[in-house]
Amino acid sequence: MNILILGNGQLGQMLGRAAIHYGHACLLVDTKTDQVMPVASYQALDMTIESATAWADVVSWEHEQLQPAHVDICADKFLSPPSEILKLTDRQLEKQLCDDLGLATSPWFAFSHQAELESGLSDSDQAWVVKAAQGGYDGRSQWRYKPNEATNFRFHEAGAQPGIAEHMIDFNCEVSIVGARNQVGHTCCLPLVENIHREGILSHTFALLSELPEHLQSQAEHAFVQITEALHYVGTLAIEFFVVGEGSQARLLINEIAPRVHNSGHWSMTGSSCDQFDLHIRALTATPFPASLTPRPTVMLNVIGVPSIPSHLWPSDADPHWYGKDARPGRKVGHVNWLTCSRAEAQAFVDREQANVQQLA
Ligand code: ATP
Ligand code: MG
Ligand code: MG
């Protein structure tokens, strides 16, 4: 089949490589310049988005911030209804969707301007996280409100655009599920993994290296099925959760939903027989999902702010993926996966490689 992906960042490139590996042809669109290009090449082809869409059997995306003009051009070739997907680009609609489906999230309210935000927070002895409705990622466009520091809160910034305020959750840990749904409604989920964030950015993921209560996997898969069915979604999708409560009382609160392949699924490139990119391509091309993913304990470390880590500084059995990006503070330039059965060893790997990154910065 011919597959067109909107977006040519690292997620688009990794999707493109999976498409080729399944014997499909794949082109990517640089959605900033509208240039069309082959996978692993930044040489534009003599093609418009219109002609690339005519060439394609199916169109998908690496990021959900779809431009209305692109949606108009590609609409007939999407397998998921874009109007549903666009709901997930607005945190107010995303939270409302969870409420409508009876899926737990942190208590919240929507505001459309500063005065509404101020009246919602005033007199509250609760800590809040305020998030712009649109456009935030890697912890950007978020503000923390603490009642004892309320006078310092930047209401003018946080209330400058519509958004949500939600209770700050004192979670035990953060986890996510990445899975895929196909056109006949079959789903296939990777195991729930633990994610460690630093300054709002995903730092590393532990897959099958955390002692998560077993019932959380079925809670997460239940949410996955509910959400993907409600959206008539086809492809890979990720849900981030907070874990609250202990042992048999532990439960999941949805933090956010990403209708695409996701950074917290990158471990599966090494730790699963079918990774999150493969699952997306299988979903798009009506290729049945595997009966088992045979996942293996894996740690994934994001490399942030340096061009790469030279090979003599990571274990020879590690699996690096460099995105070919210039280094900037806070920018993800690659990730390194490493298979290990021991959480302590995984943590030592993270500590060692993060020290290397600091030295290189
Ligand atoms: P991403 O890059 O994952 O899309 P984002 O910018 O959309 O990130 P969130 O996932 O909403 O941001 O928040 C980033 C991080 O901030 C979370 O992973 C979590 O560590 C922290 N955080 C967000 N909301 C809350 C909350 N209500 N309570 C406690 N911590 C929170
Ligand atoms: Mg997000
Ligand atoms: Mg997030």
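If you're wondering where the values come from, they're calculated on a predicted model, not measured in any experiment. When a ligand or atom number is given, it counts from 1 through the structure's own listing order.
Of all protein heavy atoms, the one closest to atom 6 (O) of ligand 1 is G139 N, 2.6 Å. For atom 28 (N) of ligand 1, the closest heavy atom belonging to the protein is I169 N, 2.9 Å. Distance from atom 1 (P) of ligand 1 to its nearest protein heavy atom, with residue and atom name: E256 OE2, 3.3 Å. Protein heavy atom closest to atom 31 (C) of ligand 1, with residue, atom name and distance, is F242 CZ, 3.6 Å. For atom 15 (C) of ligand 1, the closest non-hydrogen atom of the protein is G200 CA, 4.2 Å.
When H70, H63, E62, Q65 are each tested for a side chain to side chain donor-acceptor pair (under 3.5 Å) with T31, only one passes: H63.
Contacts between Q142 and ligand 1, counted as non-hydrogen atom pairs separated by less than 4.0 Å, involve the side chain only. Of the heavy atoms in V129, only side-chain atoms (C-beta onward) come closer than 4.0 Å to ligand 1. Of all the heavy atoms of N255, the ones lying under 4.0 Å from any atom of ligand 1 belong exclusively to the side chain. The side chain of R91, and not its backbone, has at least one atom closer than 4.0 Å to an atom of ligand 1 (non-hydrogen atoms only; side chain from C-beta on).
Aromatic pair H167/W128: ring centres closer than 6.0 Å.
Near E240, meaning under 4.0 Å from any of its heavy atoms, are these atoms of ligand 1: 3 (O), 10 (O). The atoms of ligand 1 that sit less than 4.0 Å from any heavy atom of E166 are 24 (N), 25 (C), 26 (C), 27 (N). Ligand 1 places these atoms under 4.0 Å from at least one heavy atom of E174: 17 (C), 18 (O), 19 (C), 20 (O). Of all the atoms in ligand 1, the ones that sit under 4.0 Å from a non-hydrogen atom of D138 are 1 (P), 2 (O), 5 (P), 6 (O), 8 (O). Each of the atoms 9 (P), 11 (O), 23 (C), 24 (N) of ligand 1 lies under 4.0 Å from some heavy atom of K131. Within ligand 1, counting atoms from 1 as listed, the ones closer than 4.0 Å to a heavy atom of Y137 are 2 (O), 5 (P), 6 (O). Interface of H197 with ligand 1, defined as ligand atoms under 4.0 Å from a residue heavy atom, comprises 18 (O).
E256 lies close to the Mg ion (ligand 2), since one of its N, O or S atoms is found at a distance under 2.8 Å.
Within a 6.0 Å radius of CG in D351, more than 12 heavy atoms belonging to other residues, nucleotides or ligands are found. Atom OH of Y42 has more than 12 heavy atoms from other residues, nucleotides or ligands within 6.0 Å. No more than 12 heavy-atom neighbours from other residues, nucleotides or ligands sit within 6.0 angstrom of CZ on R328.
Classification of the H321-H335 ring pair by plane angle, with boundaries at 30° and 60°, yields parallel. Using cut-offs of 30° and 60° on the angle between ring planes, the pair W61 and F78 is perpendicular.
At least one heavy atom of F171 sits under 4.0 Å from some atom of ligand 1. At a 4.0 Å cut-off, at least one heavy atom of R144 sits close enough to ligand 1 to count as contact.
A salt bridge is absent between E166 and R91: the closest approach of a Lys/Arg side-chain nitrogen to an acidic carboxylate oxygen does not fall below 4.0 angstrom.
Annotation: cation-pi geometry satisfied between R343 and F206 (NZ/CZ under 6.0 angstrom from ring centroid, within 45° of ring axis).
Residue M168 has no nitrogen or oxygen atom sitting less than 3.5 Å from a nitrogen or oxygen atom of ligand 1, judged on distance alone.
With hydrophobic clusters built from ILVMFWY side chains whose heavy atoms lie under 4.5 angstrom apart, L97 shares a cluster with I177. Side-chain heavy atoms closer than 4.5 Å link hydrophobic residues (I, L, V, M, F, W, Y) into clusters, and following such links, possibly through other members, connects V234 to V261. V178 and F289 fall within a single hydrophobic cluster, where Ile, Leu, Val, Met, Phe, Trp and Tyr are joined by side-chain heavy atoms under 4.5 Å apart, directly or via other members. Hydrophobic clustering, with ILVMFWY side chains joined whenever heavy atoms are under 4.5 angstrom apart, groups L313 together with V306.
The N, O or S atom of E240 with the smallest distance to the Mg ion (ligand 3) is OE1.
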